[in-house]
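Please read all numbers here as calculations on a predicted model, not as lab measurements.
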Amino acid sequence: MKSVATSSEGRLPVKFNALGQPIGKASISLSSFLGPLVREVVPVTLPDWRKITLGMKEVLWRSIQARYIVDKEWKKNYIFQSMGDLWRASKSRLVAKVKKAPNEHERLKLKPDNIKTVIEWRAFIKEKTSLEFQAKSDKFKEIRNKRLPHTCSRKGYARLIDDMEGGSFLFLFIYCSVDILLIAYTVLVLCVKSSGFMNYLYCSVDSFPNAGRR
């Protein structure tokens with residue numbers, strides 16, 4: 001990590017709130033730093049984040065410690081959990097690009113630099129374009145689509161709450177209002193699509209004494 005392992009501003013202390021979530025200006029910088037770091041160190045050919053090697057963990061942690069002050073073990077655990085989420089999201093985006101590539105030549109051009117051989121990359125492509133993987137992917141996608149959105153802007157709840165405590169109530173209200181409306185709309189759509197809900201609605205209307213009369 002020659003390009004990102006050191007900082008001209010010195011090591012930045014990362015502040016955490018009572019819930020164990022990073023907040024403050026240094027947390028924004030850390031969040032932007034973790035994505036490129038984990039993509040460079042951990043190859044997408046790793047089958048599972050939980051199988052990350054001790055060597056990779058050491059490189060990741062040394063790179064973080066070179067730029068940030070994180071002094072507790074539980075904070076380290078939180079950061080590694082965040083890197084796991086970022087790595088899985090990045091891998092999913094790359095797999096999507098592989099599937100959309102029109103031919104083998106274009107797929108080969110997508111090979112990340114940290115994958116050592118073309119043979120290894122071809123094996124990854126073969127796995128991710130198989131019918132078996134597609135079936136699993138469709139199943140997980142269906143599960144994700146049923147979940148309601150739970151974030152409050154890209155800043156995240158932890159930093160938004162920190163802003164609120166600093167006096168930025170209007171800022172918090174504007175960002176959260178958009179997500180609240182989105183959640184309400186999603187719930188409404190799910191209810192309307194539910195046949196059970198519609199049957200309940202019809203029965204409720206028919207139950208009124210003067211329903212349908214004028």
_For Ile115 versus Pro43, what's the shortest heavy-atom pair and its separation?_
CG1-CB, 4.3 Å
*State, yes or no, whether a side-chain contact exists between Asn77 and Gln81 at a heavy-atom distance under 4.5 Å.*
no
*What distance do Ile125 atom CD1 and Glu104 atom CD have between them, rounded to the nearest 0.5 Å?*
5.0 Å
*Hey, does Ile69 have a side-chain heavy atom less than 4.5 Å from the side chain of Leu12?*
no
*Student check: side-chain heavy atoms of Leu60 and Ile79 closer than 4.5 Å*: no
*Any side-chain heavy atom of Pro22 within less than 4.5 Å of one from Tyr78?*
yes
_Gap between atom CH2 of Trp121 and atom CG of Leu108 - 0.5 Å precision_ = 8.5 Å
*Any side-chain heavy atom of Leu86 sitting closer than 4.5 Å to one from Leu37?*
no
_Side-chain (Ser32) to main-chain (Ile28) donor-acceptor, under 3.5 angstrom_ = yes
_Point-to-point distance, once rounded to the nearest 0.5 Å, from CG of Leu110 to NZ of Lys100_ = 12.0 Å
*asked:* On a heavy-atom basis, which atom in Arg11 and which in Ala66 lie closest, and how many Å separate them?
replied: CG-O, 3.5 Å
*Any idea which heavy atoms bring Ser63 and Phe33 closest together, and the distance?*
O-CZ, 3.8 Å
*side-chain contact (heavy atoms from CB on, under 4.5 Å), paired with Trp87, selected from Ile52, Leu46, Val41*: Leu46
*asked:* To the nearest 0.5 Å, what is the distance between NZ on Lys76 and NZ on Lys57?
replied: 8.0 Å
*Mind listing the closest non-hydrogen atom pair of Pro47 and Lys51 along with its distance?*
CG-CD, 4.0 Å
*Is any side-chain N of the basic residue among Glu120 and Lys116 closer than 4.0 Å to the acidic one's carboxylate O?*
no
*Got a second to check how far Asp71's CG is from Gln65's CD, nearest 0.5 Å?*
8.5 Å
*Measure up the Phe80 and Trp61 rings against each other and bin them: parallel (under 30°), tilted (30 to 60°), perpendicular (over 60°).*
tilted
_Applying a strict under-4.5 Å side-chain criterion to I, L, V, M, F, W and Y, I'd like to know whether Val44 and Ile119 cluster together._
no
_Rounded to the nearest 0.5 Å, what separates atom CE in Met83 from atom CZ in Arg39?_
13.0 Å
*asked:* If I compare all heavy atoms of Lys99 with all of Arg107, which pair ends up nearest, and what's the gap?
replied: O-NH2, 4.5 Å
*State plainly whether one hydrophobic cluster holds both Trp74 and Tyr68, where clusters connect Ile, Leu, Val, Met, Phe, Trp and Tyr through side-chain heavy atoms under 4.5 angstrom apart.*
yes
*Report the C-alpha separation of Trp49 and Lys91 in whole Å, then their side-chain angles, then the decisive distance to 0.1 Å, and conclude whether the side-chain contact (heavy atoms from CB on, under 4.5 Å) test is met.*
CA-CA 11 Å; Trp49 172 257; Lys91 184 175 181 178; over 6 Å; no
*Is there side-chain contact between Gln21 and Phe16, with at least one heavy-atom pair below 4.5 Å?*
no
*Does CG belonging to Asp113 count more than 12 external heavy atoms closer than 6.0 Å?*
no
